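Because the structure is predicted, anything quoted here is derived from the model rather than measured.
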Amino acid sequence: ADEFLKSFPKSEDAAAVRKMKLAALAQAGRADQARKEWEAFLNENRPEAMGHVLDAGFQIAESYLDLGDLKTPDLIYAVIRDRLANAVPDAQERAEVSRQIREIVGMRTEMLTVSRTWVGKKPPPIVGKTLDGKAVDLNAYQGKVVLLDFWATWCQPCVAALPELAALYRKHHPKGFEVIGISLDVQEQALRQFLVQQKLDWPQVWDNQGNAGAGQNPFSGPNTIRYQLSAIPATFLIDRDGKIVRFGASGRALEQAVPRLLARPATQPAGKGTP
C-alpha cells in the first residue's frame, strides 16, 4: 500500500488503498498506529474519501473491541459523529449527511453500552433444550470459542447473516469454534422447515417453546429475558475461558475476532468452568 501511494498519490484508488492499509494495520494488532494514520486521513476533509474514512474508522474501532478496550471505540465514534460530515461543502447536504452518520454511530454506541454490561463476565446458563431434545450446558464448551446467536426466521437481518455465519462455522469448527442458535420464532413448524432448507449444522434452542405469550411478545422466552434482549440479531462471543468478549459482532467483525480467539490458549483447563 505504501509503495502504491508513493508512486500514484493522485490515483482515484488512493483512498481505497489507504483504507486497506489501515484495516491491515488494525488486523495486525497495530491499532494505535492505524488510529493515528486514520485521524490524518480524516483531517484532509476530502468529500470523495468520506466512505473510506468511515469504513476504516469502524474497522479500527472493532480492532480495539477485540482487545477488550471499550473506551477507545467511543472516542473514535465521537470523532466520526462530530467531524466527518465537515468534508461536505454544501451546508444542506452536510446537515443530511451528519444526520445519517449520527444515526449509524448511535446504533454502535448503543451496542457499546450493552457490551459494558456483559464483556468480561460469564454468560447466564442456557435453559431449555435444543430441537433435538438435548440440554445445553455452556460449561461443557469450556476450552472452545462459542457464539450465541439470538435470531428468528421472521428477522430479515438475522436470516441475511446466516450464509456468512455458516461459512465461518465450517471453516473454524474443526479448530474449536461452536455456534449455539437461540430462536425467537413463535411457530415451531416454521422454524423446523427453515432449518431443513438451510441445513444449519449447529444446535438450535427454541426459546419460545411452551411460551403461551410468544404470539404477543416473541421476546418473552426465558433465555431472551436472561440475556436482557429487546432486539435481534444479537450475538454473544465467548472465549476459551467461558467469558463473554464481544456483544453484537457479525460479518467481518466475527471473521476477524474468531481466529484471534482460537489462537489464544485457555487459561483454565477444559471442564473447570464455574457454573
Side-chain angles (χ1 to χ4, degrees), residues 1-2 4-27 30-66 69-117 154-161 163-164 229-235 246-256:
D2 283 337
F4 180 92
L5 293 169
K6 181 179 178 181
S7 301
F8 309 102
K10 302 297 183 181
S11 167
E12 62 180 15
D13 296 320
V17 172
R18 288 178 75 175
K19 179 184 73 173
M20 291 169 60
K21 178 191 175 183
L22 294 172
L25 286 171
Q27 292 170 20
R30 296 160 64 181
D32 289 340
Q33 180 184 349
R35 181 186 174 193
K36 183 177 179 180
E37 293 193 20
W38 172 75
E39 289 179 344
F41 194 14
L42 172 75
N43 289 337
E44 292 175 7
N45 281 329
R46 293 167 52 197
E48 72 278 7
M50 276 185 57
H52 297 303
V53 175
L54 179 68
D55 199 21
F58 286 153
Q59 289 186 56
I60 294 168
E62 289 285 345
S63 70
Y64 279 104
L65 290 172
D66 282 344
D69 182 343
L70 299 179
K71 294 181 179 180
T72 304
D74 243 348
L75 300 177
I76 294 173
Y77 295 155
V79 170
I80 292 173
R81 180 194 65 219
D82 297 338
R83 294 170 48 194
L84 184 59
N86 292 339
V88 180
D90 180 78
Q92 185 173 353
E93 184 181 355
R94 184 167 60 249
E96 174 58 21
V97 171
S98 178
R99 183 194 66 78
Q100 294 175 4
I101 290 174
R102 286 175 179 274
E103 184 176 322
I104 296 171
V105 169
M107 290 187 292
R108 289 179 175 258
T109 301
E110 184 178 345
M111 225 180 260
L112 266 180
T113 301
V114 178
S115 295
R116 292 188 181 97
T117 301
W154 47 260
C155 167
Q156 292 184 0
C158 302
V159 172
E164 279 186 300
L229 295 176
S230 58
I232 53 173
T235 59
R246 290 291 301 273
F247 168 77
S250 62
R252 181 171 55 195
L254 284 178
E255 290 175 7
Q256 296 175 4

For the residue pair [X] and [Y], what are the closest heavy atoms and their distance?
| X | Y | value |
| --- | --- | --- |
| P9 | A14 | O-CB, 4.0 Å |
| A31 | S63 | CB-OG, 3.5 Å |
| W38 | V53 | NE1-O, 2.8 Å |
| A26 | A34 | N-CB, 4.1 Å |
| F247 | A234 | CE1-CB, 4.1 Å |
| P73 | L112 | CB-CD1, 4.0 Å |

Look at [X] together with [Y] and state whether they make a salt bridge at an N to O cut-off of under 4.0 Å.
| X | Y | result |
| --- | --- | --- |
| E62 | R246 | yes |
| E37 | K21 | yes |
| R252 | E255 | no |

Should we count [atom1] of [X] as having more than 12 external heavy atoms under 6.0 Å?
| X | atom1 | value |
| --- | --- | --- |
| Q92 | CD | no |
| Q156 | CD | no |
| E96 | CD | yes |

**Report entry** Gap between atom OG1 of T72 and atom CD1 of I60 - 0.5 Å precision
**Finding:**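 Those atoms lie 11.5 Å apart.
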Report task. Kindly compute the distance separating CG (L22) from CG (D55), expressed to the nearest 0.5 Å. Result ->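 Nearest 0.5 Å value for the CG-CG distance: 10.5 Å.
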Query - 4.5 Å side-chain heavy-atom contact, W154 and I232 - result: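 In contact.
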